[in-house]
Number of protein chains: 2
Amino acid sequence: MKTPQDAFTTYLSEKNLKMTPQRRLILDTFIDEKQHLSPEELYDKVKKVDPSIGQATVYRTLKLLVEAGIVESLDFADGVSRYEVSWGEEHHDHLICERCGKNIEILDDVIEKRQEAIAKEHGFTLSHHKMYLYGLCSKCGRKRS
Amino acid sequence: MKTPQDAFTTYLSEKNLKMTPQRRLILDTFIDEKQHLSPEELYDKVKKVDPSIGQATVYRTLKLLVEAGIVESLDFADGVSRYEVSWGEEHHDHLICERCGKNIEILDDVIEKRQEAIAKEHGFTLSHHKMYLYGLCSKCGRKRS
DNA sequence: AGGTGGATGAATATGCTTCTCAATACGGGA
DNA sequence: TCCCGTATTGAGAAGCATATTCATCCACCT
Ligand SMILES: [Mn+2]
Ligand SMILES: [Mn+2]
Ligand SMILES: [Zn+2]
Ligand SMILES: [Zn+2]
């Protein structure tokens, strides 16, 4: 499978857009950080390599990466949007501790199949879904204040 | 079971807060509209009855209603927060058409049980979850542009 | 009546995200 | 190589939903 970088280059040229040093740096930095990053956090990382970069460019590039199907946007309901590199990765959902923020990636075939079935029952063609499970992890559950 | 209004009154007095005409009007209006309302939409409805009401009061009251467990906040990824009255209603999730906005409430026992099981496997105590299925409804799917 | 604490509306502030704009970089053709 | 059109960029301003501030108001108790 193509690397995310190659996929991005391909996507850009298809749209008559250009691969630039800034875009390359932003994607490379994102891939290095295997995390659920907010635009601001990614901007901070990128600035360490190229302090002249503007945060508008980070927002714009994230938008492009989502359109290109290389990155997915997440929603942990913590006030900022978050992203993760999804290219070449298996789909998964998230189990989140509301106290400490611990975040576990989960995947359940039974659920995924039922989601498809439910959509079909209603005549829908499913394009994607979001599922977030919120609760307390074992550590935080014990010392519940 | 208590009505949402009674539940709200109870909650307020427990917290040494007061039931006011504004709060009563906001909840009554919300209950009349069996919809997924945004704060702005609710504000517009309420203003028709009492034009002197402030939108800060709508935001504040919605927050209280969520805390009281009478209302739930939703996230349809359309740029605004949305709410629905959940008191006395069965939990459900949503199936959303990305083209026309059609919104179907769904509930699947298999999924709900698996969610609990997954959380347990990871030592989590689940407090709640969000699940949104996005796609195209039968109408919009046919005339795909 | 006077006092106390919550509630309110208008205005202002906040925080994340997007847009505007002038300057710059790039790439293909003369 | 120079020219030209287009895409890109960074800085700052603007948008937009939501939260907060603050002076006033009101309900209730003594
Ligand atoms: Mn899933
Ligand atoms: Mn559910
Ligand atoms: Zn935890
Ligand atoms: Zn539709």
Side-chain angles (χ1 to χ4, degrees), chain A residues 5 8-30 36-68 71-83, chain B residues 5 8-30 36-68 71-83:
Chain A
Q5 286 90 345
F8 194 28
T9 304
T10 303
Y11 175 82
L12 290 173
S13 67
E14 276 169 2
K15 297 270 176 178
N16 280 93
L17 304 176
K18 296 167 184 168
M19 176 56 85
T20 65
Q22 290 91 337
R23 286 173 177 166
R24 199 185 329 266
L25 172 61
I26 288 166
L27 177 53
D28 287 349
T29 305
F30 199 165
H36 304 126
L37 293 178
S38 66
E40 182 84 23
E41 288 165 352
L42 180 54
Y43 175 51
D44 288 342
K45 306 273 183 197
V46 165
K47 248 194 323 195
K48 285 180 184 159
V49 181
D50 177 0
S52 74
I53 212 161
Q55 69 172 343
T57 301
V58 173
Y59 276 96
R60 287 187 284 233
T61 303
L62 278 171
K63 202 174 173 189
L64 285 172
L65 287 167
V66 170
E67 287 166 18
V71 156
E72 252 177 54
S73 79
L74 307 172
D75 171 26
F76 295 159
D78 65 344
V80 294
S81 60
R82 297 192 169 273
Y83 297 85
Chain B
Q5 287 89 344
F8 195 28
T9 304
T10 301
Y11 175 82
L12 291 173
S13 67
E14 277 170 1
K15 296 270 176 179
N16 279 92
L17 305 175
K18 296 167 183 169
M19 176 55 87
T20 64
Q22 289 91 337
R23 286 173 178 168
R24 201 187 326 269
L25 172 60
I26 288 166
L27 178 53
D28 287 349
T29 304
F30 199 165
H36 304 126
L37 293 178
S38 66
E40 182 84 23
E41 288 165 353
L42 181 54
Y43 175 51
D44 288 344
K45 306 272 183 197
V46 165
K47 249 194 322 195
K48 285 179 185 158
V49 181
D50 177 1
S52 74
I53 211 160
Q55 68 172 343
T57 302
V58 173
Y59 276 98
R60 287 188 283 233
T61 303
L62 278 171
K63 203 174 173 190
L64 285 171
L65 287 167
V66 170
E67 287 166 17
V71 155
E72 252 176 55
S73 80
L74 307 172
D75 170 27
F76 295 158
D78 65 344
V80 292
S81 60
R82 296 191 169 274
Y83 297 85

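Convention: sequence-line order gives letters A, B, ...; per-chain numbering from 1.
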Distance in angstrom units between B/R23 CZ and D/dA27 P, rounded
14 Å
Hey, is A/E67 close enough to A/K15 for a salt bridge, meaning N to O under 4.0 Å?
no
Of the listed nucleotides (C/dG6, C/dG9, D/dA11), which one gets closest to any side-chain atom of B/R60?
C/dG9
For the side chain of A/T57, starting at C-beta, report the closest nucleotide among D/dA7, D/dT18, D/dG10.
D/dG10
Looking for any heavy atom pair under 4.0 Å, which part of the strands does B/S52 touch: base, sugar-phosphate only, or nothing?
sugar-phosphate
Roughly how many Å is it from CG in B/L25 to C1' in C/dG9, rounded to a whole number?
15 Å
d(CG, A/N16; P, C/dG28) in whole Å:
11 Å
Show the numbers, then the answer: is there a side-chain hydrogen bond (donor to acceptor under 3.5 Å, both in side chains) between A/Q5 and A/D28?
CA-CA 8 Å; A/Q5 286 90 345; A/D28 287 349; 2.8 Å; yes
B/P39, nearest nucleotide to its side chain (from C/dG9, D/dT18, D/dA27):
D/dT18
B/Y83 has an atom OH; how far is it from atom P of D/dA17, in whole Å?
13 Å
A/K47 and A/I53: which non-hydrogen atoms are nearest, and at how many Å?
CG-CG2, 4.3 Å
Candidate nucleotides D/dG10, C/dT8, D/dT18, ranked by approach to the side chain of B/T20 - the nearest:
C/dT8
The side chain of A/K63 is closest to which nucleotide in this list: D/dT18, C/dA10, C/dC19?
C/dC19
With ring pair (Phe, Tyr, Trp, His ring centres under 6.0 Å) as the test, pick out the partner of A/H36 among A/F76, A/Y83, A/F30.
A/F76
Between C/dA7 (C1') and B/Q55 (CD): distance, integer Å:
17 Å
Using a heavy-atom cut-off of 4.0 Å across all strands, would you classify B/Q22 as base, sugar-phosphate, or nothing?
sugar-phosphate
Distance check needed: C/dA7 C1' versus B/R24 CZ, whole Å only.
14 Å
Nucleotide nearest B/Y59 when distance is taken to its side chain, options D/dT18, C/dT17, C/dG6
D/dT18
To the nearest Å, give me how far apart CG (B/D78) and P (D/dC16) are.
15 Å
Which part of the nucleic acid, if any, lies within contact of B/S38, taking any heavy atom under 4.0 Å across all strands shown: a base, the sugar-phosphate backbone alone, or nothing?
nothing
Send over the distance from B/L12 CG to C/dT8 P, rounded to a whole Å.
10 Å
If you assign A/V80 and B/A56 each to the DNA chain C nucleotide with the nearest heavy atom, which residue ends up on the more 5' nucleotide?
B/A56
Taking all non-hydrogen atoms of both residues into account, name the closest pair between A/K45 and A/T29 and its distance.
CB-CG2, 3.5 Å
